[in-house]
Every structure is written in structure tokens, then in C-alpha cells.
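Worksheet: one structure, shown below.
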Amino acid sequence: MADLTRGLDAQGHLAREGALARIEAPFRPVVAAARDRLLDVFGARMTSAYLYGSVPRGTARPGRSDLDLLLALRDEPTDADRADARMLDESLDKEFAQIDGAGTLLFSRARLLSDLETYDLGWFVACLCTPLLGEDLAEFLPRYRPTSLLARETNGDLALFLPRWRTRIAEAAPGELPGLQRGMARHLVRTGFTLVMPRWNGWTSDLGEMAEIFGTYYPRWAGPMRAAADDAREPTGDLAALGTYTEEIGPWLADEYARVHGIKAPRP
């Protein structure tokens, strides 16, 4: 029997989250416009398009949530492809007040199906992305369980991010800090959750639930992780909070992750 409370199917595999049917009414025109524009802009260059995040999960908040898209292209993305994606994102954000920004990830089909990405981008497509256009690459990928291998390959590289975060915080204008905080806090909470995911034996994308599950295994860090989950939902750009990410919980989490699961395989 499927354990839907832990995101598992009857065989203990991670069930795919999200569905077009779950998209709530305010966001349906946005998704329809995105689908049409993707076809116009990328056409035959694109083999697949996906939604991910709160919109296909049915948990998006009008005026507060962003629209997240992922495209599989026939070839490696070019600078022109990235420029087209930025223009598409900007047009959607400008036209639809329902969303607070849009972001489109671009990858080649070959990379998404590569051995190196099987337990990272491949897993992401198969389990966290909702098909919108074209073929579904999940048909070519394995079924996934919440294992240490999956944990390592999804978030076993936090140590690489911390110096970049310090630089970005130091160079950011005040108005840019809330956006940085949102992204960094999300990353920390998801990394904390995947650290304990194999022991908990399941999946959730709810940041609050992620933080609570993590806290049951690491009570000392439960408070800072709950605070990070709150910051991800309502970022203030507070420099003191950002400092705890890069100088306190972040370094500890990177070390503990490497100890428990190892370090993610290097990417080119």
C-alpha cells in the first residue's frame, strides 16, 4: 500500500509530486501562456518542458510564488538559448501579477539522461517535475528510493556554495538581500532534510515539514533550521540571519553531510 504521507508508492519508490490537475485557478492562465510561448520561442530546439515547485503541487500563493520551468533541449544550451529564456521569464513576470518572478532552467536532453546526473537532475525530473510539453524523460530513468546515494548526489556539495554565498552577500545591494536569503534558506532546509531523508524514509517538498523532520534527528539545530524555513517563505534580507547560514549552520551541515553521505561526484 502506498504511503502517501511520506511520498512513497506501494513499492517504496518516491512518487512523482505535482500534476497539471493540481494547478489552482489563478495560475492556470500563467501556465497556458508559458506553454504557448515555450513552443513559439524554443520550438524544435526543445524536446521536453516541465513545471516544478509550488504551482504544480497546488500550494502556490497568488502574488507570492514564482513559476518554475525546466526545459530539455536537443543540444547543450547556448548563450542565445539562455537569453531567450530570460526574456520569456521577464515577460511572464511582467504580465501576470499572480506570480512573483519566473525562472527557466535549461539542460540538454543528453545531460539529463547521463549516468552522472541519474541521481541528481535525472531524479529531479522523474520525481519533482510535472510534464508540460513533449516527451517525458522519466520513462528512461530508474525508479528512486530515499537512499544515501540519492542524498549524496542531490545535496552533497553544500561546501562549494558557502564561499560563493559569502561573496554574493558582501556584494549585494540592500534590495537584493531578500531574494538571496530566500534562495539560500531553501537550499539549507532542503539539504538538512536530505541529510536525514534515508532515515526518515520518504520525501516531502514542504519546507516547514522538512525543517521539523530534520529537527527530530538533530535537536541542537532544530531552531536554526525552523528559522531558515520561515526565512525561505518570508525573507527579510537580515544580514545577521544570512551570517548564521554561512558561518554557523551551513559549515556544520556541510561537514555532517560529508561524514554521513560523502561528497557529491564532481561536475565538469
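Values below: every heavy atom of this structure, side chains too, minus hydrogens, waters and symmetry copies.
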Q: Compare all side-chain heavy atoms of P251 with those of L162 and state whether any distance is below 4.5 angstrom.
A: yes

**Q.** Which atom of P198 lies closest to which atom of A151, heavy atoms considered
**A.** CG-CB, 4.3 Å

Q: Could you walk me through whether D120 and T154 pass side chain to side chain donor-acceptor pair (under 3.5 Å), step by step?
A: CA-CA 5 Å; D120 188 11; T154 53; 5.9 Å; no

Q | For the student: nearest non-hydrogen atoms of A265 and L116, plus distance | A | CB-CD1, 4.1 Å

Q) If every non-hydrogen atom of L137 is compared with every non-hydrogen atom of R109, which pair is closest and at what distance? A) CD2-NE, 3.8 Å

(Q) Any heavy-atom pair between the side chains of L149 and R152 that's under 4.5 Å? (A) yes

Q: Determine whether L51 and L92 fall in the same hydrophobic cluster, where Ile, Leu, Val, Met, Phe, Trp and Tyr are linked whenever their side-chain heavy atoms lie under 4.5 Å apart.
A: yes

Q. Are side-chain heavy atoms of R57 and D206 found at a separation under 4.5 Å?
A. no

**Q.** Lys/Arg N to Asp/Glu carboxylate O, D157 vs R267, below 4.0 Å
**A.** no

Q: Describe, in one word, how the ring planes of Y218 and F214 are oriented to each other, choosing from parallel (under 30°), tilted (30 to 60°) and perpendicular (over 60°).
A: parallel

Q: Would you confirm whether R61, through its side chain, and Q98, through its main-chain N or O, come within 3.5 Å as a donor-acceptor pair?
A: no

Q | Pairwise side-chain contact, L207 with M225, heavy-atom cut-off 4.5 Å (strictly under) | A | no

Q. Please walk me through it: do S108 and D75 pass side chain to side chain donor-acceptor pair (under 3.5 Å)?
A. CA-CA 5 Å; S108 69; D75 301 300; over 6 Å; no

Q: Could you tell me whether the side chain of T47 and the main chain of A72 form a donor-acceptor pair under 3.5 Å?
A: yes

**Q.** Partner of P56 by side chain to side chain contact (heavy atoms under 4.5 Å, CB included), out of L132, T130, L128
**A.** T130

Q: Determine whether more than 12 heavy atoms belonging to other residues, nucleotides or ligands lie under 6.0 Å from atom CG of L20.
A: yes

**Q.** Closest approach of L177 to A172 (non-hydrogen atoms, all atoms of both residues)
**A.** CD2-CB, 3.8 Å

(Q) How about CZ on R168, more than 12 heavy atoms from neighbouring residues, nucleotides or ligands closer than 6.0 Å, or not? (A) no

Q) So how far is it from S114 OG to L121 CG, rounded to the nearest 0.5 Å? A) 7.5 Å

**Q.** Cluster overlap L67 with L105, hydrophobic side-chain contacts below 4.5 Å
**A.** no

Q) Considering the options R182, K94, R64, which one meets the salt bridge (charged side-chain N to carboxylate O under 4.0 Å, His left out) requirement together with D100? A) R182

Q: Pick out which of N155, L14, T118 makes a side chain to side chain contact (heavy atoms under 4.5 Å, CB included) with L150.
A: L14

Q. Would you say P131 and R16 make side-chain contact, with heavy atoms under 4.5 Å?
A. yes

Q.
Could you measure the distance from the CZ atom of R164 to the OG1 atom of T246? Nearest 0.5 Å is fine.
A. 14.5 Å

Q) Using the benzene-type ring in the case of Trp, are the ring centres of Y52 and F124 under 6.0 Å apart? A) yes

Q.
Check whether D93 reaches the backbone of G101 with its side chain - one donor and one acceptor, N or O, closer than 3.5 Å.
A. yes

Q. Tell me, do L188 and P224 make a side-chain contact under 4.5 Å, heavy atoms counted?
A. no

Q.
Other residues, nucleotides and ligands only: do more than 12 of their heavy atoms fall within 6.0 Å of CG on D40?
A. yes

Q) Between D81 and T78, does any side-chain donor sit less than 3.5 Å from a side-chain acceptor? A) yes

Q) H261 side chain to L195 main-chain N or O, any donor-acceptor pair under 3.5 Å? A) yes

(Q) Using every non-hydrogen atom in the two residues, find where G122 and L141 come nearest and quote the distance to one decimal. (A) O-CD1, 3.3 Å

Q. Between I99 and D66, is a side chain to side chain contact (heavy atoms under 4.5 Å, CB included) present by the stated rule, with each step listed?
A. CA-CA 5 Å; I99 58 171; D66 51 5; 5.7 Å; no

(Q) With a 4.5 Å cut-off on side-chain heavy-atom distances among I, L, V, M, F, W and Y, is there a chain of contacts connecting L73 to L69? (A) yes

Q: Inspect the contact between E117 and R111 and indicate whether a charged nitrogen and a carboxylate oxygen are less than 4.0 angstrom apart.
A: yes

Q: Give the cluster check for F161 versus W252: same hydrophobic cluster or not, with ILVMFWY residues linked at side-chain heavy-atom distances below 4.5 Å.
A: yes

**Q.** Side-chain heavy-atom pair Y217, I213 within 4.5 angstrom cut-off
**A.** yes

Q. Say you draw a straight line from OG1 of T204 to CD of E212; how long is it, rounded to the nearest 0.5 Å?
A. 11.5 Å

Q) Can any side-chain N or O of Q181 pair as donor or acceptor with the backbone N or O of P235 at less than 3.5 Å? A) no

Q. What do the steps show when you test L158 against W165 for side chain to side chain contact (heavy atoms under 4.5 Å, CB included), and what is the final call?
A. CA-CA 10 Å; L158 178 61; W165 289 1; 4.0 Å; yes

Q | Test side chain to side chain contact (heavy atoms under 4.5 Å, CB included) applied to M184 and H187, step by step | A | CA-CA 5 Å; M184 293 173 189; H187 193 134; 5.6 Å; no

Q) Which word best sums up how the rings of W123 and W203 line up, parallel for under 30°, tilted for 30 to 60°, or perpendicular for over 60°? A) perpendicular

Q.
Taking the six-membered ring of F193 as reference, does the cationic atom of R190 (NZ for Lys, CZ for Arg) lie under 6.0 Å from its centre and within 45° of its axis?
A. no

Q.
One pair to check against side chain to side chain donor-acceptor pair (under 3.5 Å): Y119 and T147. What are the steps and the verdict?
A. CA-CA 10 Å; Y119 288 90; T147 63; over 6 Å; no

Q | Check against side chain to side chain contact (heavy atoms under 4.5 Å, CB included), L71 and F107 | A | CA-CA 6 Å; L71 306 189; F107 300 100; over 6 Å; no

Q.
Using a 3.5 Å distance criterion without hydrogens, assess whether the side chain of R74 forms a donor-acceptor pair with backbone atoms of A44.
A. yes

Q.
Same cluster or not: L38 versus L106, using hydrophobic residues (I, L, V, M, F, W, Y) connected whenever any side-chain heavy atoms lie under 4.5 Å apart?
A. yes

Q. Do R143 and D9 sit within salt-bridge range, that is, some charged N less than 4.0 Å from a carboxylate O?
A. yes

Q: Indicate yes or no for a side-chain donor-acceptor contact from E176 to the backbone of A173 under 3.5 Å, with no hydrogens or angles considered.
A: yes

(Q) Between Y50 and D68, do the side chains contain a donor N or O and an acceptor N or O under 3.5 Å apart? (A) no

Q) Ring centroid separation for Y144 and H13, is it under 6.0 angstrom? A) no

Q) Would you say the side chain of T104 lies within less than 4.5 Å of the side chain of D89, judging by non-hydrogen atoms? A) yes

Q.
Could you report the tightest heavy-atom contact between G208 and R233, atom names first, then the distance?
A. N-NH1, 3.2 Å

